[in-house]
Amino acid sequence: MLKEPVDILLIEDNPGHMELVRRCLARSGMNHTFHCATRLDGALALLAERQFGVVLSDLSLPDSSGLATVHRICEQAPTVPVIVLTSLDNEDTAVSALDCGAQDYLVKDADGITWPRLRQAIHYSVQRQLMRNEKHELLCQLQEATQLLERKNRHLARLYRTAQEFVDHVSHEFRTPLSIIKEYASLVRDGIVGDVNGEQWRLLNVIDDRSDDLNTMVDDMLDISKLKAGLLSGWRKPCTIHEIVQHVLPALERKAGTRGVTFENDIPAGLPTVYCDAEKAGRVIINLATNAIKFAGEPGLVRIWARAQPEAGEVVVGVSDNGSGIDKKHLAKIFRRFSQLDNNVRTSTKGFGLGLSIAKELTTINLGAMSVQSELGRGSTFSFTIPCAIPREVVSRYLTRLPARSGHPTPVSVLIASLPDSADESMARDVGRFLNYLLRRHDLLFRMDVSRWLLVLAVPAVELPALIERIDAMRVDANRNRPRAPLPTLAFHHDGTWASDGAPQDILARVEHWCPAAASAVVPCLPVSCQNEKEMVHV
């Protein structure tokens with residue numbers, strides 16, 4: 001029972017009932033004080049002056065009647081429990097009174113207001129009201145905390161957008177002076193504006209090398225910004241390791257030569273065709289090789305190599321150096337953003353600690369994995385995998401890496417896009433670039449033959465009509481800027497939609513049906529180009 005004294009306010013205009021309640025309370029043994037009011041207005045005035053522990057009220061008063069009485073009491077004192085005492089024995093009225101805020105409903109007859117029943121009703125009403133008050137207070141605190149958090153989140157979002165825009169603007173602004181520095185240094189180094197001696201030639205190479213370092217930092221900052229915004233997508237297609245390496249090799253060999261490091265190229269012939277974004281794979285090689293050149297030993301040696309792993313359906317590309325190696329306790333943090341190990345004795349060049357982190361992110365976009373082996377005093381080897389251009393293998397990896405969509409498995413839809421029979425190979429290549437341009441990070445595209453493509457899309461079936469409509473609208477827009485023949489209308493066939501975790505074998509079976517491993521090898525690879533192919537869509 002209640003331990004603290006309870007201030008009880010009775011609102012009752014019948015003297016007999018008032019006396020009955022007083023006697024019941026006296027017999028109950030409760031520690032209480034008793035106050036009476038014969039009108040609702042007087043009771044409300046008392047409630048405004050002091051805090052009562054419980055209110056006992058009749059529904060029929062000289063200045064109020066029915067549920068309006070309960071309403072006004074609860075409005076005046078929302079934290080005080082109200083018990084209705086009435087002669088009206090009606091279940092609907094009792095339920096309505098409780099809905100209005102009353103804690104109990106007692107009928108004023110011989111059994112309804114006995115002192116045990118009244119004491120029990122007061123005890124439970126006070127306890128329920130305390131719980132209600134506590135719940136309301138917690139809810140108010142939660143709402144205040146939520147509003148504060150929302151304000152802080154909006155503020156952080158504005159700061160993040162500002163910081164992101166700053167990084168983007170600064171990075172883009174760096175491009176022009178960097179290009180000018182490299183161009184002028186190249187003109188002087190090549191003797192276009194006059195003869196240079198050996199020492200001058202060496203210093204100009206250093207300028208060119210440091211400009212490349214700064215350009216890599218700019219690329220890293222832009223990629224981090226795009227990753228955080230979810231805008232960094234992949235231009236994945238069949239290509240060869242030889243093409244990827246040959247595209248980045250000259251700059252790496254020049255960098256190694258400038259820093260007195262021997263650079264070895266161990267890329268064997270006959271490696272399987274891989275499926276990746278060639279530009280991003282090249283960026284991974286650049287970041288790993290640049291890091292290896294910085295940390296190479298004396299004399300420095302860096303080797304880039306590649307090996308096929310047919311049993312895993314992938315090719316491994318690695319960069320090894322003869323530097324001081326990395327302590328095992330540091331291996332777990334070297335791929336974190338803005339993390340740098342202070343053991344570089346070869347160069348004073350400092351970056352932002354983004355190179356390895358970016359390399360890992362780009363490898364993930366290419367459906368591969370990165371690893372490192374290092375031994376103190378012996379050097380380090382960083383390697384990453386790229387899946388072979390076997391659609392079933394690529395899709396198998398893709399399905400295991402799809403993020404959940406609103407807490408549920410991501411739906412995967414398979415579409416077939418077809419060209420008219422009159423389209424030639426040149427038009428097919430342009431359409432392939434156009435489709436790749438439209439894809440998001442979590443979509444795949446495979447060329448089935450000279451006029452058909454298989455699209456594996458992370459969208460539910462209900463969104464496909466809107467997607468197809470958007471593709472056609474962008475095709476029409478692209479044709480406005482094409483000097484050559486317009487891109488033809490594509491025909492789409494929906495082959496099915498499945499949950500990514502519920503029916504992976506069904507999805508893989510459909511991919512194998514449309515793109516069997518033997519047939520996929522017939523589709524020609526697009527050459528790796530230094531030009532961003534996304535800019536070629538309207539050409």
Check [X] against [Y] and note the closest heavy-atom contact, atom names and distance.
X	Y	value
Ala458	Thr410	CB-CG2, 3.8 Å
Ile386	Tyr275	CG2-O, 3.9 Å
Gly325	Ser380	CA-OG, 3.7 Å
His494	Thr497	NE2-OG1, 2.8 Å
Ala428	Trp453	O-CZ2, 3.2 Å
Met474	Leu438	SD-CD2, 3.1 Å

Applying salt bridge (charged side-chain N to carboxylate O under 4.0 Å, His left out), can you list everything that pairs with Asp266, at least two apart in sequence or on another chain?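 For Asp266 the salt bridge (charged side-chain N to carboxylate O under 4.0 Å, His left out) partners, ignoring immediate neighbours, are Arg303, Arg307.
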
Would you say that more than 12 heavy atoms from the other residues, nucleotides or ligands in this model lie under 6.0 Å from the CZ of Arg378, or not?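 Open: at most 12 neighbouring heavy atoms sit under 6.0 Å from CZ of Arg378.
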
Residue Glu469 excluded, over 12 heavy atoms near CD under 6.0 Å: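 Incorrect, the count does not exceed 12.
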
State plainly whether the residues Glu425 and Arg447 are in salt-bridge range, i.e. N to O under 4.0 Å.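 Yes.
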
Between Asp430 and Arg484, is the closest basic N to carboxylate O distance under 4.0 Å?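 Looking at Asp430 together with Arg484, the answer is yes, because their closest N to O distance falls below 4.0 Å.
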
With a 3.5 Å cut-off and no angle check, do the side chains of [X] and [Y] form a donor-acceptor pair?
X	Y	answer
Asn366	Arg236	no
Thr273	Thr240	no
Arg401	Thr364	no

Could you give me the CA-CA distance, side-chain angles and deciding distance for Trp305 and Val316, then say whether side-chain contact (heavy atoms from CB on, under 4.5 Å) is met? CA-CA 8 Å; Trp305 52 269; Val316 182; 4.0 Å; yes

Give a yes or no answer on whether the side chain of Glu393 reaches the backbone of Ile390 with a donor-acceptor pair at less than 3.5 Å.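 No; judged by distance alone, with no hydrogens or angles, the pair does not exist.
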
4.5 Å side-chain heavy-atom contact, Asp208 and Ile181: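 SC-SC contact between Asp208 and Ile181 ruled out.
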
Is any side-chain heavy atom of Leu249 less than 4.5 Å from a side-chain heavy atom of Asn265?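 Side chain of Leu249 against side chain of Asn265, heavy atoms only: contact under 4.5 Å found.
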
If I take atom [atom1] from residue [X] and atom [atom2] from residue [Y], how far apart are they, to the nearest 0.5 angstrom?
X	Y	atom1	atom2	value
Arg151	Leu156	CZ	CG	13.0 Å
Phe384	Leu288	CZ	CG	6.5 Å
Ile285	Lys280	CD1	NZ	14.0 Å
Ile507	Glu512	CD1	CD	14.5 Å
Leu187	Tyr184	CG	OH	7.5 Å
Met370	Leu362	CE	CG	8.0 Å

With Val456, the side chain to side chain contact (heavy atoms under 4.5 Å, CB included) member among Leu415, Val412, Leu445: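 Running side chain to side chain contact (heavy atoms under 4.5 Å, CB included) over Leu415, Val412, Leu445 with Val456 returns exactly one hit, Val412.
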
Please lay out, stage by stage, how Leu252 and Val302 fare under the test side-chain contact (heavy atoms from CB on, under 4.5 Å). CA-CA 10 Å; Leu252 293 176; Val302 172; over 6 Å; no

Going through the checks in order, is the side-chain contact (heavy atoms from CB on, under 4.5 Å) test met by Trp514 and Phe446? CA-CA 10 Å; Trp514 292 110; Phe446 302 99; over 6 Å; no

Could you go through Asn205 and Arg254, starting from their C-alpha distance and side-chain angles, then the distance that decides it, and tell me whether this counts as side chain to side chain donor-acceptor pair (under 3.5 Å)? CA-CA 8 Å; Asn205 277 338; Arg254 184 173 64 251; 5.8 Å; no

Run the side-chain contact (heavy atoms from CB on, under 4.5 Å) check on Leu301 and Glu264 step by step: do they pass? CA-CA 8 Å; Leu301 174 63; Glu264 296 182 352; 3.6 Å; yes

